[in-house]
Student: 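Here it is, the structure in full.
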Amino acid sequence: MNISVLGATGSIGTQTLDVVRKCLPNARVRVLTGNANVPLLAALTDEFRPDMVWVPDGARAIELEKLLQHKGVKTEILTGDDELIACAVHDPVEVVVNALVGKAGLSPTLAAIRAGKDIALANKESLVTAGGLIMGLARDNNVRIVPIDSEHSAILQCLQGKLTGNDVGVEKIILTASGGPFRTWPQEHIAAATAADALRHPNWTMGPKITIDSATLMNKGLELIEAMWLFGQPMENIEILVHPQSIIHSMVQFIDGAIMAQMGTPDMRLPILYALAGPDRVSNNYPRLDFLTTKDLTFEAPDMKRFPCLALAKHAADVGGTLPAVMNAVNEWAVGRYLNNKIDFYGISALIAEAFDSYTVKEVNDIADIHEAEAWAMEFVNLMGTA
Ligand code: NAD
Ligand code: MG
């Protein structure tokens, strides 16, 4: 199997390469992309010897070239937006792992599908902004979109590897959520929480953007929309359930009342492995769950009052059209501001709510509608940011 790893230097990217190293001896890495961490990208390029490696600009390309000098590496170094698309469609590749963060992941996803590549998708933002286009294109091109997100991998495993919920008797999906680092905090403490507080996730070590999304519960809102598209389910059929231990990664309830749950340690390498090898099972030495030392498994309802981003995402899921794209773009910008201590925790949801109030939702017919919605969002945040 020939794979490309977009976002190779990030949390999912590096774990994907760990899976390739330890579990998939027949996988060949043909493309790697990175961004700011050029030394890590150089080390990975030296190790995996891909055909192509990508960085955003010329300065980083020069830095990379210097680091690879004297290593005998024949990898071609690419830069710029068009070349990122070239990475997504590279001929020998059968599976594109999209581990980019944010809206930068959409164009490569669409290009890879058009080129007939299967997608192992970590970049949930692609599906949130353009799920209808992606799923339609995937059907037309006979391409599988396989989730890496642990919850969606769990759902897929409960469905025995079938990427549809309708013809297998699904009654509802139970999407579990850890509740994030502020689950038990009173609202006034959350209001004063810093990015450093929010970055201390109880169960998972992830990139900064998704870690903040987990603290606001926007991540669960994005995952709700992701699940609707992936499994063809209406919002009413997806229940969000807080399960602080992150042992049950999600469940499927069938029309006869039976419930399947997928469990395991909170280790992203397991859903990554399933995305690349499933429905086959591949043995590995990753840590196992021990029920005797596992604490209680508990459940509670999500609190939309302390976590208004979840209510906003449900609204966007319900309205559809270009609203999820606007929400995603405003959220991404606001998360960046929060990470830089420029706005407070509830500034993120307040900005999204204001955007919803000022925006007129449109239907999504093609990618231009998404780009227009994102451009509107950028104009909106720039106005708000300088106000
Ligand atoms: P990360 O920040 O650790 O890594 C992001 C990767 O994308 C890096 O390789 C970075 O160099 C690259 N990148 C960043 N901005 C870029 C840009 N503008 N253009 C090109 N490349 C760029 O993020 P992550 O935590 O690995 O998350 C990646 C995706 O996976 C996100 O969509 C996230 O929601 C999803 N996801 C992550 C986890 C997790 O455990 N980390 C779990 C589930 C889903
Ligand atoms: Mg998840």
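Since the model is a prediction, treat every value here as computed from it, not as a measurement. Both ligands and their constituent atoms are indexed starting at 1 by order of listing. Worth knowing before you read on, the calculation uses all heavy atoms, side chains too, and leaves out hydrogens, waters and symmetry mates.
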Student: What I want to know is whether G7 and ligand 1 share at least one N or O pair that is separated by under 3.5 angstrom.
Tutor: yes

Student: Specify the protein heavy atom at minimum distance from atom 43 (C) of ligand 1: its residue, its atom name, and the distance to 0.1 Å.
Tutor: D149 OD1, 3.1 Å

Student: Between Y274 and P279, which heavy-atom pair has the shortest distance, and what is it?
Tutor: OH-CA, 3.7 Å

Student: I want to know if ligand 1 touches T9 in the polar sense, i.e. an N/O pair below 3.5 angstrom.
Tutor: yes

Student: For M268, which part has a heavy atom under 4.0 Å from ligand 1: side chain, backbone, both, or neither?
Tutor: side chain

Student: Please name the residue in the list D267, T265, D18 that meets the side chain to side chain donor-acceptor pair (under 3.5 Å) test with Y286.
Tutor: D18

Student: Taking the side chain as C-beta and beyond, is there a heavy-atom pair between E300 and R183 under 4.5 Å?
Tutor: yes

Student: If you look at E223, which of its N/O/S atoms is nearest to the Mg ion (ligand 2)?
Tutor: OE2

Student: Tell me the protein heavy atom at minimum distance from atom 35 (C) of ligand 1, and give that distance in Å.
Tutor: A122 O, 3.1 Å

Student: Just need the protein heavy atom nearest to atom 37 (C) of ligand 1, so name the residue and atom and give the distance.
Tutor: I12 CG1, 3.4 Å

Student: Once you restrict to heavy atoms under 4.0 Å, what part of L100 touches ligand 1? Side chain, backbone, both or neither.
Tutor: both

Student: Given that the side chain starts at C-beta and the backbone is N, CA, C, O, which of these parts of K124 lies under 4.0 Å from ligand 1, counting heavy atoms, or is it both or neither?
Tutor: both

Student: Pick, from A104, A8, G10, the option with the minimum heavy-atom distance to atom 1 (P) of ligand 1.
Tutor: G10

Student: Is there a donor-acceptor pair under 3.5 Å between the side chain of W54 and the backbone N or O of V31?
Tutor: no

Student: Using distance alone, decide if ligand 1 has a nitrogen or oxygen within less than 3.5 Å of any nitrogen or oxygen in S11.
Tutor: yes

Student: Give me the nearest non-hydrogen protein atom to atom 33 (C) of ligand 1 as residue plus atom name, then the distance to 0.1 Å.
Tutor: I210 CD1, 3.9 Å

Student: Tell me which one of G13, C87, A99, G34 gets a heavy atom nearest to atom 6 (C) of ligand 1.
Tutor: A99

Student: Measure the acute angle between the ring planes of F299 and H243, then classify it against the limits of 30° and 60° as parallel, tilted or perpendicular.
Tutor: parallel

Student: When you measure from atom 10 (C) of ligand 1 to each heavy atom in N37, V128, N35, L32, which option holds the nearest one?
Tutor: N35

Student: Which atoms form the tightest heavy-atom contact between A195 and L339, and what is the distance?
Tutor: CB-CA, 3.9 Å

Student: Return yes if some donor-acceptor pair links the side-chain N/O of N331 with the main-chain N/O of I352 below 3.5 Å, else return no.
Tutor: no

Student: Less than 4.0 Å is my threshold; does some heavy atom of E125 fall inside it relative to ligand 1?
Tutor: yes

Student: Decide, yes or no, whether a salt bridge links E94 with K117 under the criterion of side-chain N to carboxylate O below 4.0 Å.
Tutor: no

Student: Hey, does I225 have a side-chain heavy atom less than 4.5 Å from the side chain of K124?
Tutor: no

Student: Find out whether E223 and L175 are in side-chain contact, i.e. whether some heavy atom of one side chain is under 4.5 Å from a heavy atom of the other.
Tutor: yes

Student: In terms of residue, atom name and distance, what is the protein heavy atom nearest to atom 25 (O) of ligand 1?
Tutor: G207 N, 2.9 Å

Student: With heavy-atom distances below 4.0 Å as the criterion, list the atoms of ligand 1 near W54.
Tutor: 20 (C)

Student: Does the gap between the ring centers of F182 and F345 come in under 6.0 Å?
Tutor: yes

Student: To check your reading of the site, what angle at the Mg ion (ligand 2) do OE1 of E151 and OD1 of D149 form, to 10°?
Tutor: 100°

